[in-house]
Protein chains: 2
Amino acid sequence: MLGDRQKSILKSIVEEYIKTAHAVGSKSLCKKFKVSSATIRNDMSILEDLGYLEKQHISSGRIPSEAGYRYYVDYLMEPKKISGEDMLKLQRIFSNNELDLNSAIEKSLEIISDITNYTSVVLGSASKENLLQKVEVIPLTKTSAVAVLITDKGHVENKQIILSESVDPKEVQKTSELLNKMLVGTRIDEVSSRLEFEIKPIIGNYVKNYEVLYNAFYEALSTFQNGKDVHWEGKTNILKQPEFNTVDDVKNIISKFESKDLVSKIEETDDEVKVYIGRETELDDNVTVIKTKYKTGRDEGTLAIIGPKRMDYERVLTMLGYIKDRIEKKGNNNGED
Amino acid sequence: MLGDRQKSILKSIVEEYIKTAHAVGSKSLCKKFKVSSATIRNDMSILEDLGYLEKQHISSGRIPSEAGYRYYVDYLMEPKKISGEDMLKLQRIFSNNELDLNSAIEKSLEIISDITNYTSVVLGSASKENLLQKVEVIPLTKTSAVAVLITDKGHVENKQIILSESVDPKEVQKTSELLNKMLVGTRIDEVSSRLEFEIKPIIGNYVKNYEVLYNAFYEALSTFQNGKDVHWEGKTNILKQPEFNTVDDVKNIISKFESKDLVSKIEETDDEVKVYIGRETELDDNVTVIKTKYKTGRDEGTLAIIGPKRMDYERVLTMLGYIKDRIEKKGNNNGED
DNA sequence: TTTTAGCACTCTTTTGTTTCAAGTGCTATT
DNA sequence: AATAGCACTTGAAACAAAAGAGTGCTAAAA
């Protein structure tokens, strides 16, 4: 469908625009293709008809459309090796055995953010697959205690519990023992229902005034389920991109970054490294998100790089892929039984 | 030094500017003071000479200078009662006994942010006064464990520990028992030094390969000390203020909000509710911070409201004072022994 | 059939000019 | 001490003109 020169012109325009953020005119491509500007214009016009290029106004040069980026990512770009310098920085992190996995992940994304000037996000391991490993209740005063919940993957959540004077510390102890006995090994996402249907019916037999306690634990567990671990690197980097040059653009993107359902929008993704452009991100029409899931024996989570649509796709894709690999290797080495 | 009318004019200008964000001209004050605009101009000119007023350009009206706001806050403004509606919302939170203190604090600041359109921050209790209550080590795999530290005020911190294969689980257990025996009751800010000078010298007698373990605990404890609990409400509210109307202003304030030493700059403050205007904030010349420390039997922390310099001082001051009181009352009721 | 040269046309950006409204500072007068 | 009057300054808005970049189209050349 597209001629070779047309593909090549599209590729050049995308890459030039990624580099400079300026619309690309026909003249600037003459030397490269050894044809006249009129020829380039003809091809550009065809590419525009096909929806791969856009004009900002009638006499501007062309910029890639969303479909243009898509075509570039799917068919035109070539995998790029990570530069020696960048590679060195990343290797240093993953070969450091003193660093635990989470710190290594955060550090490596910090580096990506630094060298690319994009924003990265790590979404901590989804809690579903975690099994409850231990419930601990530490009394603080007569009327308060703190409940600590630990999963087999090493995640910890805690919640203060307010008790009325009427509750005997011994009863608290009993409840905690009971919960440990009955809940250890349960999947986190099943804890609530087991608590309600298996424990609630019998807890009254062992513990007086169990209701206060039951409610407190129920709440503690539910914060566990909702508490996704979100970690940002270079959150304001995106403001350095020239496309965000009006007050409204900036305000808009910032409030999207702070919005509460951002996490859920980033969360669902594939095992592979995938590219979501503009509307595909469901986040903001002006950004591209490149993301992937990592999965080790004991942990899983999502890595995402957020940048402008004119993102350096080749570079980010390779780097993110590399990091994913290293995370999974490191995770499996440390975590295997 | 200032005549009565001059004070009153200053007060009017500050309040008018707070309300409208437009420079105030001499004519607009004529009716109120029943004098001619020339008279007002004379007084304005004196107020400007004294440094309380500024002009944006030679023929604009006057706006308060930083010193002008300061004078207003110190001598002119009058405490304002909280409106019935606002009061109701706040009371509802603090009279809800099911809510633990932290949730109540967060909810009440959420309300302040909502009704004022400013940004609020809660800095979780400074860790210094906390005493270590319990150290717990939960093994996960052969080479990893999670350390959980709990203080008497109910704060919990955790850190994954990576162990080499060589470490016997029993040794881990021994170390944790030793730490519990020796460290419980120690102030958090003294834990590091006791660990280094009292425990390190003797731990070798009880535990083989103690170094790996020692290092792991050392690191876990230090994250405890640094991990301040920061909670924002209405983080992007400040962008709604008309003074942030250029791209640079917005980018600037946003990156200050994300910067890592913001916490330390907000942190140090007084027991009373205090007002920091512009440069006094050491944060950004264009904002005002109103903040205070709250302190209960078991907890302490900092509350801060960040807004433009033309902040509604009277309102925010009373509301923050009220919340501080309620927090301290609630905290002492629940927490007393 | 493809490529090219040439030219008219469109649109943005920049610059300058004019006009308007707001508000001041100063001086002479009450 | 307060006021009226007036010249003066400035920013904002509206408008015009000119420059620059790049296109689309047509007719000719390869």
Side-chain angles (χ1 to χ4, degrees), chain A residues 1-10 12-14 16-17 19-65 68 242-243 245-247 249, chain B residues 1-10 12-17 19-65 68 242-243 245-249:
Chain A
M1 190 151 165
L2 280 186
D4 279 352
R5 191 182 56 221
Q6 285 159 5
K7 283 187 194 172
S8 183
I9 286 175
L10 178 54
S12 295
I13 292 175
V14 173
E16 180 67 14
Y17 186 65
K19 210 189 294 171
T20 65
H22 292 303
V24 182
S26 53
K27 268 190 196 161
S28 68
L29 298 178
C30 287
K31 310 126 218 167
K32 194 168 190 177
F33 289 92
K34 287 169 193 150
V35 291
S36 76
S37 65
T39 309
I40 305 272
R41 276 205 290 286
N42 285 334
D43 283 338
M44 280 176 155
S45 171
I46 293 169
L47 288 164
E48 184 174 355
D49 289 344
L50 292 172
Y52 296 132
L53 293 179
E54 286 175 355
K55 280 183 288 197
Q56 293 164 312
H57 52 85
I58 194 157
S59 74
S60 73
R62 303 302 211 291
I63 61 174
S65 69
E243 27 268 279
N245 60 1
T246 76
V247 183
D249 288 343
Chain B
M1 190 146 165
L2 280 187
D4 279 352
R5 190 182 57 219
Q6 285 159 3
K7 284 188 195 173
S8 183
I9 286 176
L10 178 53
S12 295
I13 292 176
V14 173
E15 286 171 356
E16 180 67 14
Y17 186 64
K19 210 188 294 169
T20 65
H22 292 302
V24 183
S26 53
K27 267 189 197 162
S28 69
L29 298 176
C30 286
K31 312 126 218 168
K32 193 167 189 178
F33 290 91
K34 286 171 193 149
V35 291
S36 78
S37 64
T39 310
I40 305 272
R41 275 205 292 286
N42 286 334
D43 282 339
M44 279 177 158
S45 172
I46 292 169
L47 287 165
E48 184 174 354
D49 288 345
L50 292 172
Y52 295 134
L53 292 180
E54 286 175 355
K55 281 183 290 199
Q56 293 164 312
H57 54 84
I58 196 157
S59 75
S60 74
R62 303 301 211 291
I63 62 173
S65 69
E243 29 268 279
N245 60 2
T246 76
V247 184
D248 284 342
D249 289 344

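The structure presented is a predicted model; accordingly, all values stated were derived computationally and were not measured. By convention in this document, chain letters (A, B, ...) are assigned in the order of the sequence lines, proteins followed by strands, and residues within each chain are numbered from 1. What you see below is based on every heavy atom in this structure, not just the backbone, and it leaves out hydrogens, waters and symmetry mates.
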(request) Check whether any side-chain nitrogen or oxygen of B:Arg41 sits under 4.0 Å from OP1 or OP2 of D:dA1, and answer yes or no. (result) no

(message) In whole Å, I'd like the distance from the CD atom of A:Gln56 to the P atom of C:dT13.
(response) 9 Å

(request) Let me know the distance between CD1 of B:Ile58 and C1' of D:dA12, rounded to the nearest Å. (result) 17 Å

(request) Provide, to the nearest angstrom, the distance between the CG atom belonging to B:Leu29 and the P atom belonging to C:dA22. (result) 16 Å

(message) Checking contacts here: which listed nucleotide (D:dG11, D:dT3, C:dG25) is nearest the side-chain heavy atoms of B:His57?
(response) D:dG11

(message) Assess, by modelled atom type and distance only, whether the side chains of B:Ser45 and B:Asn42 contain a donor and an acceptor separated by less than 3.5 Å.
(response) no

(message) Any side-chain to backbone donor/acceptor pair from B:Ser12 onto B:Ser8? Under 3.5 Å, distance only.
(response) yes

(request) Would you kindly give the CZ-to-P distance between B:Phe33 and D:dA1, to the nearest whole Å? (result) 18 Å

(message) Can a donor-acceptor pair be found, under 3.5 Å and without considering hydrogens, that links the side chain of B:Thr39 to the backbone of B:Val35?
(response) no

(message) Does C:dT12 have its OP1 or OP2 closer than 4.0 Å to a side-chain nitrogen or oxygen of A:Ser60?
(response) no

(request) Tell me which nucleotide among D:dT9, C:dT10, D:dT3 gets nearest to the side chain of B:Asn42. (result) D:dT3

(message) Can you see if the side chain of B:Lys55 gets near the phosphate of C:dG25 - specifically, an N or O under 4.0 Å from OP1 or OP2?
(response) yes

(message) Can you tell me if A:Thr39 touches the phosphate of C:dT3, counting only side-chain N or O atoms and a distance under 4.0 Å to OP1 or OP2?
(response) no

(message) If you compare every side-chain N and O of B:Arg5 against the phosphate oxygens of D:dA1 (OP1, OP2), does one of them come in below 4.0 Å?
(response) no

(message) OP1 or OP2 of C:dA22 versus the side-chain N and O atoms of B:Arg62: is any pair under 4.0 Å?
(response) no

(message) Between the base of D:dT10 and the side chain of B:Ser59, is there a donor and acceptor pair under 3.5 angstrom?
(response) yes

(message) Looking at B:Glu54 and B:Arg62, is there a salt bridge between them, counting it only when a charged N and a carboxylate O are closer than 4.0 Å?
(response) no

(request) Take the protein atom NE2 of A:His22 and the nucleotide atom P of D:dA21, then report the distance between them rounded to whole Å. (result) 12 Å

